[in-house]
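In what follows, every heavy atom counts, from backbone to side chain, and hydrogens, waters and symmetry copies are set aside. Labels below follow one simple rule: chain letters A, B, ... track the order of the sequence lines, proteins then strands, and each chain is numbered from 1.
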Amino acid sequence: MSMTGTIKPSPSSDLQNFVESRSGQKVLRCYQCGKCSAGCPASYVMDMGPRQIMRAIQLGLREKALESSTIWLCISCQTCSARCPNEIDIARVMESLRWLAAAEKSEPAEKDIALFHQLFLTLIKRSGRVHELSLGALYNLLGRHPFANMKRLPGMLARGKLSVLPPRVKGVDEIRSLFAKVKAMEKEHQKREVE
Amino acid sequence: MRPDNYAYYPGCTLHSTAKEYDVSARLVCHKLGIKLQELENWTCCGASSAHTTSELLSIALPARELQAAEEMGLPLAVACAMCFSRLKHSAFELADKEKLDLVNELLGKEFHNTTEVVHLLKVLYEERDAMTVSRPLSSLKIACYYGCLLVRPQEIVDLDDVEDPQIMDQLMERLGAVTVDWGFKTECCGASLPLTKPEMVLKLSHRILSQAKQAGADCVAVACPMCHNNLDAYQKDMKRKYSDKFELPVLYFTQLAGLALGFSPKQLLLDKHFTSPLPMLRDKGLADAGIAIKYNLRLYSLQVEEIGIAEVRHG
Amino acid sequence: MAIEYQPKIVGFLCNWCSYAGADVAGTSRICYPPNIRIIRVPCSGRIDPLLVVKSFQQGADGVLIAGCHPGDCHYTEGNYYARRRLALLRPFLEYIGIEKERFRVEWVSASEGKKWAQVVSSFTDELYKLGPREMTLAKGTG
Amino acid sequence: MARTGVFICHCGTNIGGTVDVSKVLEAAKSMPTVAYVDDNTYSCSEPGQASIHDAIIENRLDRVVIGCCSPRMHENTFRKTVATAGINPYLLEIANIREHCSWVHGDDKEAATDKAIELVRMAVAKAASLEPLFSRQVGLTKRALVIGGGIAGIQAALDIANADYEVVLVEREPSIGGRMAQLDKTFPTLDCSACILAPKMVDVAQHHNITLLTYAEVQDVKGFVGNFEVNILQKARKVDHIKCTGCGTCWQKCLERTPSEFNLEMGKRSAIYIPFPQAVPLKPVIDTEHCAHFKYLEAKEEGRDLPDCNICQQLCPVSAIDYEQEDQIISERFGAIIVATGYQTFDHSVYHEYGSGRYTDVITGLHLERLLSASGPTGGEVIRPSDGLLPKTVVFVSCVGSRDEQKGRSYCSKVCCMYMAKQAIMLKEHDPEVQCYIFYIDIRAGGKDFEEFARRAQEEYGTLYLRGRVSKIYQEGKKLIVCGEDSLIGRAVEIAADLVVLATGMEPSIGAVELAQRLKISYDTNNFFIEAHPKLRPVETNTDGIFLAGSCIGPKDIPESVAQGGAAAAKVTALFSQDVLTTDPMVATIDPMLCSGCLLCTQVCPFNAIDTQVTRDGRTIALVNETMCKGCGLCVASCRFGAADLRGFTQQQILAQVTSLWR
């Protein structure tokens with residue numbers, strides 16, 4: 001999405017409606033003071049601060065919001081929500097934007113983080129719990145940064161903090177069907193939204 | 001009348017990287033006559049990944065555990081701040097009848113969303129007056145670090161003030177320790193990003209540690225495995241990056257409670273940290289062997305029985 | 001022919017707080033259901049229980065009384081008398097077959113335009129839920 | 001049979017745009033007693049009133065109903081109108097079809113019209129049973145009470161006194177002067193606050209028409225316009241101010257030292273003290289909590305042993321020190337009251353993210369005023385409270401306790417933007433090496449020469465304005481790290497400051513609510529007092545004879561407070577220019593035939609307005625004192641025999657309104 005050229009503000013856009021209905025937050029309450037961006041631990045690596053995301057929603061700039069790295073770099077620490085003078089739960093707004101981005105399968109600006117979450121869920125689906133060793137290994141393999149974060153591995157193993165074998169839980173089949181049902185439901189839901 | 005019997009949800013990390021949190025929690029609760037019954041076949045709460053990608057999943061996964069606890073008819077004690085947050089959020093969302101029906105359909109179970117979710121910190125805090133402190137931490141200056149997920153958002157987790165929480169401080173003071181007044185109790189440490197954004201975790205965690213140090217703390221007390229990992233495991237890298245002169249041990253509040261109640265550092269797995277607290281504990285005269293307890297950790301269903309004096313290692 | 005049920009509310013408002021509060025709702029253009037008919041009285045303490053009973057007898061679906069918050073009465077203590085007097089009235093209303101939900105006493109200050117709108121809205125909603133009164137004692141037709 | 005005229009006002013489109021006026025007129029025609037209907041674009045306008053006046057005469061109307069705005073707005077206007085047409089002014093009834101109808105049902109024109117018709121019908125029904133009323137005349141006490149000795153109260157007191165009426169000025173603190181006395185310079189002119197205030201304070205002290213009661217509080221208020229009875233608590237000063245010459249020996253020789261409230265605890269004062277050098281009256285009070293003598297007495301009570309001290313008593317050349325002096329109640333009569341109780345600064349301890357007092361070098365704007373002031377604790381040298389060093393980097397944080405719903409303060413405190421600019425300028429004047437940063441959300445400089453002043457702070461004094469609200473302040477070594485965002489560039493900013501100044505907002509002075517309840521005036525959700533009309537009656541309250549001035553109504557700067565002080569004074573002098581007051585005739589009546597003499601009414605009446613009389617047949621019955629009665633109607637509702645009734649709101653009239661709804 002080009003950062004140059006003029007923008008066309010579209011008040012009370014679909015984007016705004018989606019965010020407001022899914023997050024329960026009133027986007028227009030934001031008066032752009034920037035306390036959120038100022039306190040956000042991740043803002044310095046984001047392409048837009050939380051304040052700018054709120055603005056993008058107010059202006060109805062769909063791509064700008066959904067293609068930002070911000071929504072993926074948000075750690076949900078909720079510092080913004082805790083301090084917002086207008087009592088907007090900005091973390092929830094971010095959350096709702098991620099859902100929309102995921103639903104629209106729009107290319108995530110932070111592929112690694114998206115990948116991480118995806119693997120995380122895959123592991124849950126497979127064994128019910130997260131096996132950190134596998135998580136790390138898979139992430140490094142698929143993320144094409146084979147040696148990321150290996151420093152601590154020996155230490156972890158030495159301290160018996162990482163079990164080599166993934167845990168086994170009886171509830172796994174339950175979990176798998178749960179995942180399946182959720183997927184189906186969400187598909188259904190999206191269809192309805194489209195229509 | 002506070003319950004002395006809880007359903008217990010350790011969460012994934014407490015069975016691997018945060019083993020010591022699990023063990024110390026169980027030991028302390030045992031000593032206080034609080035029964036922790038681990039949920040059978042519990043599964044992951046979905047952590048940040050679920051609520052990042054799917055609203056439904058982020059409610060359904062924790063709901064599964066809530067339902068299990070409901071069946072046991074017990075309040076659900078949680079150790080990990082992330083799990084705590086997710087379970088609380090799920091319960092909060094499920095106040096909406098529609099969502100509850102949806103989730104019941106997903107789980108294929110009767111769930112009425114009656115489970116009370118409590119964090120272990122709150123459990124011990126409620127217990128503080130009943131504790132018999134055999135090894136006061138009086139020589140210790142502690143910076144209590146709560147992290148973000150434990151206290152936010154107030155209207156959902158409702159544990160303590162979001163900017164200046166107090167209950168861990170009060171608990172530590174009850175155990176004889178001195179707590180420092182500092183401004184970083186709830187600043188974020190980088191949460192689940194070490195894998196994806198290590199440099200960010202370094203920056204944030206370093207700032208927290210140096211603030212704790214400046215406030216004059218001997219160590220930091222935490223109540224969250226992620227916080228612990230971020231603050232404990234990366235101190236070598238911080239030294240390199242920020243040429244820090246100091247190391248600051250990071251302990252779980254349950255380990256500190258364990259010390260005060262007389263367990264030995266070894267029993268509390270205090271030797272498992274990357275930044276070893278043992279030297280510090282030795283200067284403070286808190287490292288001697290405590291009451292000997294024989295226990296084995298196989299299957300993580302801790303059977304504990306107190307026997308004689310001699311220190312016994314765990315199998 | 002069947003006309004759809006439109007609850008009619010008689011509202012007795014004290015001049016100094018609640019009537020002014022209702023004015024503020026107007027000046028700030030806060031919309032609320034049109035079912036209420038406001039009668040201005042100097043003080044909630046002026047409201048004779050008889051006026052409430054009469055309103056119901058005439059066919060009111062609900063009666064709302066609003067005055068200054070306790071402690072804020074323009075006449076020092078009028079609203080305290082009102083509170084006690086109207087508390088005694090409630091069981092009597094039930095006795096003569098009027099659901100207690102149909103009678104409300106609220107404190108609305110001169111600045112609480114929003115609260116006034118909320119009070120009227122929620123009361124009106126409740127009366128819609130309750131449905132029409134069976135006119136046990138009413139001589140009016142409602 | 002009454003002949004009622006119904007007039008419906010369009011109020012431009014305010015009513016006409018929503019309510020179908022023609023329908024209302026049509027319906028009104030068929031209402032009982034209605035003899036004439038008409039509409040006006042603006043009934044309150046001169047042509048509008050004229051047409052009503054003429055219609056009354058031409059159609060021999062004897063009742064008037066006007067469907068328009070709230071009676072709280074124009075009832076008096078129209079009473080005058082009908083009076084000019086020869087009808088008793090109380091034969092008028094207003095149907096509030098604007099505030100209670102068109103403005104709140106804009107979403108449903110049809111429903112609004114139906115409702116308007118019913119409101120008019122109710123009014124017509126009531127009008128039919130209205131009776132002519134005649135007001136009485138009572139004398140008035142031409143003395144004014146001014147509560148609060150800040151700049152607004154001082155101005156009000158002086159103006160009334162200069163109009164040659166007596167004034168009593170009551171101030172809670174030992175000296176008048178209020179907040180303005182604590183300020184160093186004033187924006188945008190930069191003249192010295194004390195220098196322009198002190199002369200006025202002296203005028204007050206010396207004025208032959210002003211009685212100054214400092215260290216005193218209003219305890220309770222009875223009565224009504226023209227005749228208020230007020231009890232004032234004069235706290236014991238332990239110093240006889242008649243004898244005292246203010247020579248200063250006592251407060252110079254006193255050995256005790258305790259934090260000075262006036263200097264916000266940054267300096268110390270003696271136990272017998274005047275709060276600041278220019279204090280008026282320049283006579284001390286003893287703070288018994290910290291005075292060694294009183295501590296000794298207390299200890300003796302409890303059987304403990306403490307050294308006694310009475311240096312002040314020994315050294316006082318006129319033996320004015322009176323340890324035995326007690327609190328006393330002063331009862332006075334007043335015709336009017338002006339409330340000017342001002343503001344206090346917001347307590348920032350709820351801002352944990354700013355340290356909530358944890359960091360000594362995070363101060364408030366008012367602290368900085370004291371540090372800048374030559375009469376302040378540091379003699380005008382701005383130093384860091386923690387280590388006394390001179391700050392070179394100073395960061396201002398705006399909107400602390402303003403525009404922040406999360407902290408329960410939604411309003412803008414109005415003066416902060418300007419005082420920050422002023423303080424930035426003054427800091428640079430004091431020390432050219434100082435660099436000031438101001439974090440702001442908006443620069444609100446709406447006032448004469450304000451914008452120009454704020455620009456000077458930036459252009460001439462190099463103050464760097466950063467647009468964003470600060471999220472966090474923490475200590476790093478000797479520096480304070482201030483974390484904000486520059487929202488114009490869209491990046492987070494961190495500044496290492498030597499001194500941080502929180503621009504804390506204004507909130508009503510402590511005790512405002514209690515005072516409002518004593519005076520029976522209303523206050524808003526932020527506890528600011530409510531004016532009778534925000535636009536047209538800005539210094540009146542809804543209680544006749546009680547007026548407001550200054551920041552007790554809402555945040556204000558000095559010129560506005562002075563203007564309001566003068567305005568309130570003008571209202572009072574206008575009131576006092578009359579020799580008698582006409583009372584509201586809407587008072588209670590008691591029917592001697594129905595009165596059983598139970599005298600319950602005498603007990604419930606809040607104004608002791610019900611006397612008793614003995615009838616010819618020897619019965620003792622109740623009798624309303626019409627000058628005392630305020631027309632609340634409590635007696636009416638509590639009279640078991642229906643003997644009591646209230647003129648203008650009679651049982652019959654109200655019942656008529658009710659029943660008209662189901663005709």
So which of [options] has the biggest tally of heavy-atom pairs under 4.5 Å with chain A?
options: V162(B), D271(B), L204(B), T52(B); result: T52(B)
options: A50(B), C148(B), G190(B); result: C148(B)
options: S54(B), S58(B), G108(B), G46(B); result: S54(B)

With a 4.5 angstrom heavy-atom cut-off, is it the side chain or the backbone of [X] that approaches chain B, or both, or neither?
X: S81(A); answer: neither
X: I124(A); answer: side chain
X: V45(A); answer: side chain

Legend entry - 4.5 Å side-chain heavy-atom contact, E163(B) and R83(A):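 Yes, their side chains come closer than 4.5 Å.
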Charged N to carboxylate O under 4.0 angstrom, [X] versus [Y]?
X: E65(B); Y: R129(A); value: no
X: E55(B); Y: R98(A); value: no
X: R92(A); Y: E93(B); value: yes

If you count every heavy atom of other residues, nucleotides or ligands that lies below 6.0 Å from [X] atom [atom1], does the total exceed 12?
X: K125(A); atom1: NZ; answer: no
X: E155(B); atom1: CD; answer: yes
X: K236(B); atom1: NZ; answer: no
X: Q37(B); atom1: CD; answer: yes

Inset, instruction - For the pair W99(A) (side chain) and H51(B) (backbone), establish whether a donor and an acceptor sit closer than 3.5 Å, ignoring hydrogens and angles. - result: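 It does hold such a pair.
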Legend entry - Donor-acceptor pair, side chain of R152(B) and main chain of A82(A), under 3.5 angstrom: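 It does not hold such a pair.
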Legend entry - Full working for side-chain contact (heavy atoms from CB on, under 4.5 Å) between L61(B) and F179(A): CA-CA 9 Å; L61(B) 284 171; F179(A) 272 75; 4.2 Å; yes
From [X] atom [atom1] to [Y] atom [atom2], the distance as rounded to the nearest 0.5 Å:
X: M185(A); Y: L106(B); atom1: CE; atom2: CG; result: 4.0 Å
X: I156(B); Y: Q78(A); atom1: CD1; atom2: CD; result: 7.5 Å
X: L123(A); Y: C12(B); atom1: CG; atom2: SG; result: 9.5 Å

So which part of [X] gets closer than 4.5 Å to some heavy atom of chain A, the side chain, the backbone, both or neither?
X: R64(B); result: side chain
X: E20(B); result: side chain
X: D161(B); result: neither
X: L149(B); result: side chain

Inset, instruction - Count the heavy-atom pairs under 4.5 Å between each of E110(A), K183(A), Q118(A) and chain B, then report the option with the highest count. - result: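 Of the options given, most contacts go to E110(A).
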Legend entry - Residue selection (most heavy-atom pairs with chain B, distance under 4.5 Å) from D112(A), I71(A), V130(A), D89(A):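 Top option by heavy-atom pairs under 4.5 Å: V130(A).
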Inset, instruction - Taking the six-membered ring of F116(A) (Phe, Tyr or Trp), confirm whether the NZ or CZ of K197(B) is under 6.0 Å from its centre and within 45° of its axis. - result: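 Judged by the rule, K197(B) and F116(A) form no cation-pi pair.
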Inset, instruction - Please report the C-alpha distance between S48(B) and I75(A) in whole Å, then the side-chain angles of each, then the deciding distance to 0.1 Å, and finally whether the side-chain contact (heavy atoms from CB on, under 4.5 Å) criterion is met. - result: CA-CA 8 Å; S48(B) 48; I75(A) 330 167; over 6 Å; no
Legend entry - For A42(A) against M200(B), the heavy-atom pair lying closest together: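 It is CB-CE, 3.3 Å.
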Legend entry - Contact summary for G128(A) and T43(B), nearest pair of heavy atoms: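 Looking at all heavy atoms of both residues, the closest pair is O-CB, 3.2 Å.
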